[in-house]
Amino acid sequence: MTPAVFEPATPLAPPAGRTTNDLIRQQNLASVLSLLHSRGALSRAQLGATTGLNRSTVTGLIMELTELGLVREAPGGERTGKVGRPTLDLEPEDHVAALSVRAEPHAVTVALVGLGGVVHARLRHDTASAPSPRRFVQIVASSVEAMRADIDRHYRVVGAGLAVPGLVNANGSVLVSPTLGWKRDPVSARLSDELGMPVTAGNDASIGALAESRFGVGVGVGNLLYLGGAMHSIGGGLIIDGTLLRGTSGYAGELGHTVVDPRGRACVCGRRGCLEAEVSLDILEPLLGRRKLDEDELDVELGVARNPRVMTEVTRQVEMLSLALTNFVNAFAPETVVLSGYLGALLSVSRERLADAVRVHPLGAEGRAIRLERAHLRSRLMLIGPAELAFADLLSNPAGFRG
């Protein structure tokens with residue numbers, strides 16, 4: 001979400017050596033850069049209207065961001081219809097970039113992502129089985145080295161973001177990732193030492209929620225529930241009042257381990273009937289007769305499926321997902337529910353049933369409307385998302401950037 005413009009009614013005590021004006025300037029720089037980062041090219045007038053800042057203030061902030069190499073004039077320009085020069089739009093400098101890293105049970109993906117969510121390059125390394133943390137770091141380092149010449153020639157990299165399917169604490173250590181087989185591993189620190197840059201790690205579903213709230217269907221949504229289905233897991237992310245909910249030690253959002261059938265299938269967490277055990281592409285793929293389907297292929301397969309066993313299983317899984325969504329909506333009262341990955345494909349063939357699940361009316365909430373949407377970023381979601389972790393410090397304090 002775009003940070004609010006900071007104009008306190010009463011002066012706050014600034015850190016030593018800084019004035020209240022310094023804090024206001026930092027917040028305003030952050031507001032302008034974050035807005036350009038998430039919305040793309042905007043005119044000075046649009047920036048002023050959105051942030052509430054006057055024209056001269058916006059002009060000064062743009063000059064500073066341009067000098068820092070974070071903003072540039074967009075190619076071309078929008079003509080106002082009046083005689084004279086066109087109105088010049090501003091856009092983020094996408095040569096300021098971050099590395100985006102995703103760990104999966106059978107693949108490691110590394111992407112180079114510029115400000116504004118521009119994916120410049122990506123490399124995917126398939127693995128026969130889940131790599132150990134040490135092997136994972138080696139694969140990432142090798143992928144980055146393959147990009148090195150291009151990075152050194154064209155980009156300024158601020159750091160790396162890492163998405164992991166599992167519990168990741170605030171220090172970037174993985175408490176447990178059942179699908180990867182990792183336990184209590186400081187993978188973020190390992191990767192930082194190897195790459196020679198700061199690395200910020202997080203849960204992949206929380207990262208998905210963050211990316212959709214900034215670039216996808218959740219732009220402008222203050223309260224969003226995100227549920228993502230990968231090959232072997234389901235994860236959740238929550239945006240509450242415009243802020244990503246992290247919980248104790250950063251462990252909030254493990255919605256995939258909500259029990260929907262106490263007598264159901266065994267889950268990797270040790271319990272039975274968890275959502276991710278009951279709603280799983282692993283169960284469906286053998287019935288479809290194909291393996292390792294990507295999201296687009298799955299859309300096609302489900303759209304033309306006529307096999308009674310496939311249709312019965314899809315119906316069963318949709319019922320389990322519906323039960324979970326009803327509980328989540330009642331618990332968190334989101335404005336929008338976003339489904340991605342495998343769950344997005346289920347939505348495409350069962351929208352009416354799943355829409356019924358979020359059309360609930362708890363006491364005092366008559367007439368509440370909740371949007372149910374498929375993630376818009378699709379295959380770009382986990383390329384753009386991890387980079388947001390790496391951009392966080394830059395976006396909150398652009399003046400501190402001296403890359």
Side-chain angles (χ1 to χ4, degrees), residues 1 3 30 33-34 37-38 70 92 96-104 108-117 119-120 122 133 136-137 139-141 143-144 147 151 155-177 180 182 184-215 226 228 235 237-239 243-254 377 380-398 400-403:
M1 303 297 292
L33 182 59
S34 295
H37 174 59
S38 61
L70 298 173
V96 176
L99 292 172
S100 177
V101 183
R102 183 185 189 188
E104 298 178 86
V108 176
T109 303
V110 179
L112 181 68
V113 181
L115 280 175
V119 179
H120 294 297
R122 60 180 169 183
F136 168 76
V137 169
I139 293 171
V140 174
S143 298
V144 173
M147 300 178 180
I151 290 174
Y155 301 99
R156 293 187 291 170
V157 176
V158 302
L162 168 61
V164 177
L167 295 179
V168 183
N169 69 16
N171 296 321
S173 292
V174 177
L175 175 65
V176 60
S177 174
L180 293 174
W182 298 359
R184 300 190 181 280
D185 192 276
V187 66
S188 181
R190 288 177 185 265
L191 195 55
S192 180
D193 289 344
E194 184 67 31
L195 299 179
M197 66 178 69
V199 176
T200 307
N203 169 264
D204 57 355
S206 292
I207 289 170
L210 184 63
E212 279 292 326
S213 73
R214 289 185 175 172
F215 299 101
Y226 169 94
L238 292 159
I239 305 291
T243 301
L244 181 66
L245 183 66
R246 299 186 184 278
T248 304
S249 301
Y251 296 152
E254 282 297 307
L377 296 177
R380 297 171 60 232
L381 184 68
M382 281 300 146
L383 299 176
I384 293 174
E388 290 301 291
L389 301 181
F391 284 134
D393 287 346
L394 168 63
L395 293 174
S396 66
N397 183 21
F401 177 67
R402 293 291 184 271

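We count residues from 1, following the sequence as given.
- In this structure, Tyr155 and His120 have tilted ring planes: the angle between them lies in the 30° to 60° band.
- Ala30 and Ser396 make their closest contact through CB-O, 3.7 Å (heavy atoms, listed as atom of the first residue, atom of the second, distance).
- At a threshold of 4.5 Å between non-hydrogen side-chain atoms, the residues Thr109 and Met382 do not count as touching.
- Listed here is the closest heavy atom pair of Ala98 and Val157: CA-CG1, 4.3 Å.
- Side chain of Ser100 to backbone of Leu112: no donor-acceptor contact under 3.5 angstrom is found.
- When side chains are defined from C-beta on, Leu244 does not count as touching Leu238, because their heavy atoms never get closer than 4.5 Å.
- Side-chain N or O atoms of Ser177 include one that pairs as donor or acceptor with a backbone N or O of Pro165 at under 3.5 Å.
- When every heavy atom of Glu212 is checked against every heavy atom of Leu377, the shortest pair comes out as OE2-N, 2.9 Å.
- Shown here for Val140 and Val101, the closest heavy-atom pair between the two residues is CG2-CG1, 3.7 Å.
- With Ser173 contributing its side chain and Asn169 its backbone, the two residues share no donor-acceptor pair below 3.5 Å.
- Counting heavy atoms from C-beta outward, Val96 and Phe401 have side chains that approach closer than 4.5 Å.
- Using a 4.5 Å cut-off on side-chain heavy atoms (C-beta onward), Leu381 and Tyr226 make contact.
- Residues Val119 and Ile384 meet the side-chain proximity criterion, which asks for heavy atoms closer than 4.5 Å.
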Carefully, step by step, assess Glu194 and Val199 under the rule side-chain contact (heavy atoms from CB on, under 4.5 Å).
-> CA-CA 10 Å; Glu194 184 67 31; Val199 176; over 6 Å; no

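- The CG atom of Leu389 sits 9.5 Å away from atom OG of Ser188, with the distance rounded to the nearest 0.5 Å.
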Begin with the C-alpha distance, continue with both residues' side-chain angles, and end with the deciding distance and a verdict on side-chain contact (heavy atoms from CB on, under 4.5 Å) for Val110 and Met147.
-> CA-CA 10 Å; Val110 179; Met147 300 178 180; 4.1 Å; yes

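- The two residues Gly235 and Ala205 come nearest to each other via the heavy atoms C-CB, 3.2 Å.
- Here the closest non-hydrogen pair linking Pro92 and Leu115 is CB-CB, 3.8 Å.
- Put simply, the residue from Val187, Val174, Thr200 that forms a side-chain contact (heavy atoms from CB on, under 4.5 Å) with Leu162 is Val187.
- The shortest distance between side-chain heavy atoms of Arg214 and Leu395 falls below 4.5 Å.
- Residues Asp185 and Arg190 form a side-chain contact, since some pair of their non-hydrogen atoms from C-beta on lies under 4.5 Å apart.
- Using a 4.5 Å cut-off on side-chain heavy atoms (C-beta onward), Phe215 and Glu388 make contact.
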